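Start at 1 and go down the list; that is how both ligands and their atoms are numbered. The structure displayed is predicted, hence computed values, not measured ones.
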Amino acid sequence: MVVLALVAFALNVWVPDSTAGDLLYVLVIVLTLVQPRRGFVLAAAGAVTVLEVLAMLQLAFQEENVGLLLTNHVLALVAIWIVAWLGTAHAGLESSLEQFRDQAQREAQQQEAALGHAQSQLEQAVADHHQVAQALQFSEGLYTSLVENLPVHVLRKDLQGRLTFASQSFCRLLGLNLSEVEGRTDHDLYPASLADKYRRDDLQVIESGEPFKTIEQHQRSDGSEMFVEVMKTAVRDVQGNLIGVQGIFWDVTDRERAEVELRSSEARMRAIFNSSMDAMIFVDQDGRMVELNRAAEVMFSCRRRDVQGAEFAEVFLSGDSRARLQDSLLRYAGAGELGSLIGRRLELTMMRRHGEEFYGEIALQPIPLQRGAGFAIFIRDVTERRRYEAALRQAKEVAEAASQAKSLFVANMSHEIRTPMNAIIGMTDLVLETLLNDTQRTYLGMVQESAESLLSIINDILDFSKIEAGKLDLECVDFDLAERLADALRSLSFRAASKNLELACHVDDNLPALVRGDPHRLRQIIVNLVGNAIKFTPQGEVVVEVQLAGEDADSVTLHFAVTDTGIGIPPEKLAMIFDPFEQVDSSTTRRYGGTGLGLSISKRLAEIHGGRLWVESAVGKGSTFHFTVRLARATTTAAPRASLPPHLLAAPVLIVDDNATNRRILEQTFLHWQMQPLQASSADEAWQLLLQRTPDELDVRLIVTDCNMPDVDGFMFAERVRAADSPFRSIPIVMLTSSDRPDNGARCASLGIAAHLLKPVKQSELLTTVVRALESSETSSTTTTLPVAAPPMASPRPLRILLAEDSLFNQQVAIGILAKHGHQLVVANDGQEAIDTIAAGEFDLALIDVQMPEVDGLEATALIRAAERVTGRHLPIVAMTAHAMKGDRERCLEAGMDDYVAKPIRAAELFAAIQRALATAR
Ligand code: ADP
C-alpha cells in the first residue's frame, strides 16, 4: 500500500492531469479497509491526504490548469475521506458486531455454567432430601421404640383437648387401640371429675407455655390404689406456635408407698424420740452430738443448741468413763470392735450441765451409715433406782439375818422337841409290848401314830429351814442304789398294802451297782414322792422306775419316775405345789394331812444334786413325779452281783400276778437273768398255761406268784398246785406278799412254798431266793420249805452295855429296848460318870448321848479313847443324839465313836448300829 501511495504520488506529480494517482489513493484506502482496525484506515487516509497536499503544493508551481487540478485533488481528497469514513464506519460496525457476538457467546457460556451449577445444586438437594428422609425415618423409629419401651405412657392432645397421639402402653391402659383413641377427649375416656382436672392442667400448660408436673392418685380396674407421676409440656409447630399438649406419666405406686411408709416411719420415730422418757442422743463417729431429745435436755439440764456439735463424753461424762467411751468409739471406728461399752447396758457416773453428778444407765448402739457410722446413746437416770436397790439390799440382808436367826431357832427348837419325842415314842413302843387290853392298845396306837407324824413334821420343818439357811450339807458315800431304793420302799409297803395298792419298782439294768452321794437325802425324796403317791391314790398302783439319763467319766445322771393312779392335780395347781406350805386342797376341811413342805424340800434336794423335779398329772387319772439327780461314780467297786448258775439259764418261770406292771417288771428281771418268763394274770390263767404245756416245751421250773389276787389268791393257787392229784406239785413256788402278816410264814410252810418275799422285791433277794428254790428242788424230790427270807431283826448276843444319858425318860426307853433282848445296862447320868464307870468296869459297848451336862458325849469319848491308848483296848461306842444334823455324825466319828443313831431311837436302827459298831471294833 505504501508503494501504491508512492506510485500515486508520483503519478500526481508527474502526471498532474491524470486522475490515476487519485484513484490509486482511493485504492490504497480501500485496501486498508481490509485491516480490522479503524485507526489504520484513518492513518492511511491521513498519509494519503498529506501526499495529496504535497501534490497540490507542487501544482502551485505550474500555471496551467491549476484550478482544475486543485479541484481534482480536492475531490480526490473528498473521495478518499468518504471512502475512509465509510470504510472505518463499516469496520466499526463489524467490530461492534464482533463484540456483540463475543458478548453473546460469553453470556451463553455463563448461562451454561450457571445451568450446570444449578443442576449440580439440584442433584445435591435431591441427595440431601433423601438423607433427611432416612434420618427422619430413623429418628421416628428411635422415638417409637423409646416411647414404647420406656415404662411411661405418652399422649398428645391438640388445643381442643383431642388426642392426637397415644403410646401403645397408654392404649393398653385404656383398653383401646390407637385409631379408637385418636380424636377423643378426656371427657370421652374418664369420669367427669377426672376429665375436668386433666383439662384444667392442660389449659395451664397452654396458657403458661411452661411444663407442669404432678403426682396423681388413681384406682386400678381391680379397685386397687395406684399413683402416677405426670409431666405435661407444650407442643409447638415449626414456627413455634403452640399447637397442643404432650403428657407423659408413669407408675410410681411403689415409690410413693415407700415414701409414705418412710414418712410415717420417720414421724413415728420422731414421736418416739421426742416423747421418750429416756434421754436419747445421736452422736457422729467422733462422738459429737448431732441430735438430742427433750428428755436429754431435761436430764442434763441443757439446751440442745448449746451442746449440739460438742463432744458427748467431754460434756456429760466424767473422768474414767469419758476416757473409756472415747476409746471405745475410736476402736469401733478403727477395727469395728465393740469394746466394753458398745452394744451393752452399763451404769456410769454422768454429769449434768451445771456439774451435778448422777448415775446413768447407758446403752450405746452403733448405727452403720453409708459413710462411717454414728451411735445412738440411750440414757436412763438410775440414781433413784440405785438408792432403792441399796435400801432393798439392806432390807434383804436384815431379812436374811432374821431368817437365819429363825432357822437357828427352829433347829434349836427341833432339838428340844425331839428329846421328849424320843421318850414319847420309845415309851409307847415299850408299853405296846406289855399286856394291854384292846382299848389301851388302840389308844396307844393312836399316840404312836400321832407322835410319828409329829416327828415327820418336825423333820420337814428342820430340813426346810436348813435348806433355806443354806446349811444343808450332803453326805458323800458309796452305796448300792437298788438296795437302798428297795429298803426305802419297804418302809412304805405297809402303807401301800393297807390301802390295797400295788407298790412296784423297776431299776434299769444298765445302772452301775454302786454310786456315790447322799443315800439319806435320796431316800428322803423317794419316801416323800412315794408317800404322797400312796396318800393321794385311793386304788390302783404306785410304780417307781429308775433309769440312766446320762453319764460321763465322773458321774451318772439318774432319772426317777414315781407314777400313781391317784386323784391327780389340776393343771392350774401344778406349779404351786412346789412352793413351801402349798397344797392343792388348802381348805380347813381337807381330807389329806401334811404340811405342804415335802415337795418343796424334795425339789430343792434334787436341785442340790444337780437335777430337777417336775410333775405330769391328769385329774382323776394320776400323776407322775419325775426327778433327776447327778451322782458321782463310786470310788469302791461293788462285789460282783450274784448271777444265775449256767444250768438254770433258759429255765421257764411262770409269773402269776393280776397287776400288769408287776408282771412287766418281773418279766424284765427274769429276761435279764436269761430265764424264760411266762405270764398269767390270774390263778386260772396260770393253771391253764401249765396244763397247755406240750411235751416238747421245757417244763416250768418255778412259779412266782403274787399273794393278793382277786377271786383265787396266791395261797389258793398254791393249794391247787400242791394238791395230791396235781401234776405240778413238785414245782417250787415263791410267794410275793404286800404285807408281812404274822401268819404268812406258817401258811407258806404248810403249803410247801419255797419262800415268801415282801414287795417290792429286791432283785438281789429275788435272785438268791430263785436260785435256792430251784437248786433245792433239784436236790430233793419232795418239796422243802426254805426259811422265810424276811429281814431278821438283828439282836446280838447278850451284852454288858454302858448307857450314858442325862434324860431319865430316854434312859427308860433305851433300857426298855435293850433289856428286853437280854442285855445288861449300867446307867451313867453324864459324861464324867460314864468315864468313871467305864474305867471301873468291863463293858462290851457304850451308848453315849452327845448332849449332856458337865462333860458332853464327844468330850467323854475323846477322854475314853485317850485312856485306851494306854490299855490298848477299844470299847465300841455308839452315839445317840437328838441333833439330826448331818455334821453331827462326822463329829461323833471324829471324836472316836464307832457309830451313830439319831433320836427318837428305834429298836431296829439301834441294833443295826450296835452290830456295826461291834463289827468295826473287832
Ligand atoms: P403334803 O403332802 O405334806 O401336803 P407336799 O409338798 O408333799 O406336801 O405336796 C403338796 C401338795 O401337792 C399336796 O398337798 C397335794 O395336794 C399335792 N400332791 C403331791 N403329790 C401328789 C400326788 N401324787 N397326787 C396328787 N396330789 C399330790
Side-chain angles (χ1 to χ4, degrees), residues 410 414 449-468 472 485 488-489 491-505 520-546 559-609 611-629 661 760:
V410 172
S414 137
E449 218 173 279
S450 308
E452 290 286 355
S453 87
L454 186 57
L455 192 66
S456 94
I457 293 173
I458 294 166
N459 282 342
D460 274 0
I461 294 178
L462 184 63
D463 275 343
F464 181 69
S465 45
K466 275 192 289 189
I467 291 175
E468 285 292 284
L472 191 82
L485 184 62
L489 294 181
S491 68
L492 296 157
S493 62
F494 177 75
R495 269 161 70 189
S498 67
K499 288 183 79 177
N500 241 337
L501 299 175
E502 279 296 341
L503 177 58
C505 169
H520 301 290
R521 293 302 171 190
L522 201 59
R523 178 193 170 103
Q524 197 176 348
I525 307 178
I526 306 255
V527 168
N528 217 323
L529 297 184
V530 177
N532 275 348
I534 295 172
K535 181 159 68 168
F536 295 105
T537 303
Q539 63 194 37
E541 61 182 33
V542 174
V543 184
V544 182
E545 299 218 49
V546 192
H559 177 182
F560 292 75
V562 179
T563 305
D564 64 50
T565 52
I567 58 172
I569 302 162
E572 70 277 8
K573 305 267 185 179
L574 282 177
M576 148 208 132
I577 54 169
F578 296 106
D579 293 337
F581 307 107
E582 289 292 352
Q583 296 176 315
V584 171
D585 181 3
S586 54
S587 66
T588 49
T589 55
R590 66 197 164 98
R591 284 177 54 196
Y592 305 101
T595 53
L597 278 177
L599 285 181
S600 59
I601 292 174
S602 301
K603 187 165 190 281
R604 298 295 297 272
L605 286 177
E607 285 164 0
I608 291 172
H609 277 91
R612 62 194 188 99
L613 192 154
W614 70 103
V615 62
E616 292 162 354
S617 186
V619 173
K621 291 204 172 129
S623 318
T624 301
F625 281 83
H626 302 265
F627 73 94
T628 53
V629 286
T661 312

(request) Find all atoms of ligand 1 within a distance of less than 4.0 Å from any non-hydrogen atom belonging to Leu597, and give their numbers and elements. (result) 6 (O), 8 (O)
(message) Just so I know, are the side chains of Phe627 and Leu522 near enough to count as touching, which here means a heavy-atom distance under 4.5 Å?
(response) yes
(message) Among Val544, Leu485, Leu503, which residue satisfies the side-chain contact (heavy atoms from CB on, under 4.5 Å) criterion with Pro760?
(response) Leu503
(message) Please check: side-chain N/O of Thr565 versus main-chain N/O of Gln539, any donor-acceptor pairing under 3.5 Å?
(response) yes
(message) Any atom of ligand 1 sitting under 4.0 Å from a heavy atom of Lys573?
(response) no
(message) Within the 4.0 Å heavy-atom shell around Gly568, which atoms of ligand 1 are there?
(response) 25 (C)
(message) List ligand 1 atoms under 4.0 Å from Ser623, heavy atoms only on the residue side.
(response) 24 (N)
(request) Report yes if some N/O of Asp564 lies less than 3.5 Å from some N/O of ligand 1; otherwise report no. (result) yes
(message) Can a donor-acceptor pair be found, under 3.5 Å and without considering hydrogens, that links the side chain of Lys603 to the backbone of Asp579?
(response) no
(request) Give a yes or no on whether the backbone of His559 and the side-chain of Thr628 come within a donor-acceptor separation of less than 3.5 Å. (result) no
(request) Please could you name the atoms of ligand 1 that Phe625 approaches to less than 4.0 Å, counting only its heavy atoms? (result) 19 (C), 20 (N), 21 (C), 22 (C), 23 (N)
(message) Test your reading of the structure: does Leu599 have an N or O sitting under 3.5 Å from an N or O of ligand 1?
(response) yes
(request) Give a yes or no answer on whether the side chain of Ser623 reaches the backbone of Glu616 with a donor-acceptor pair at less than 3.5 Å. (result) no
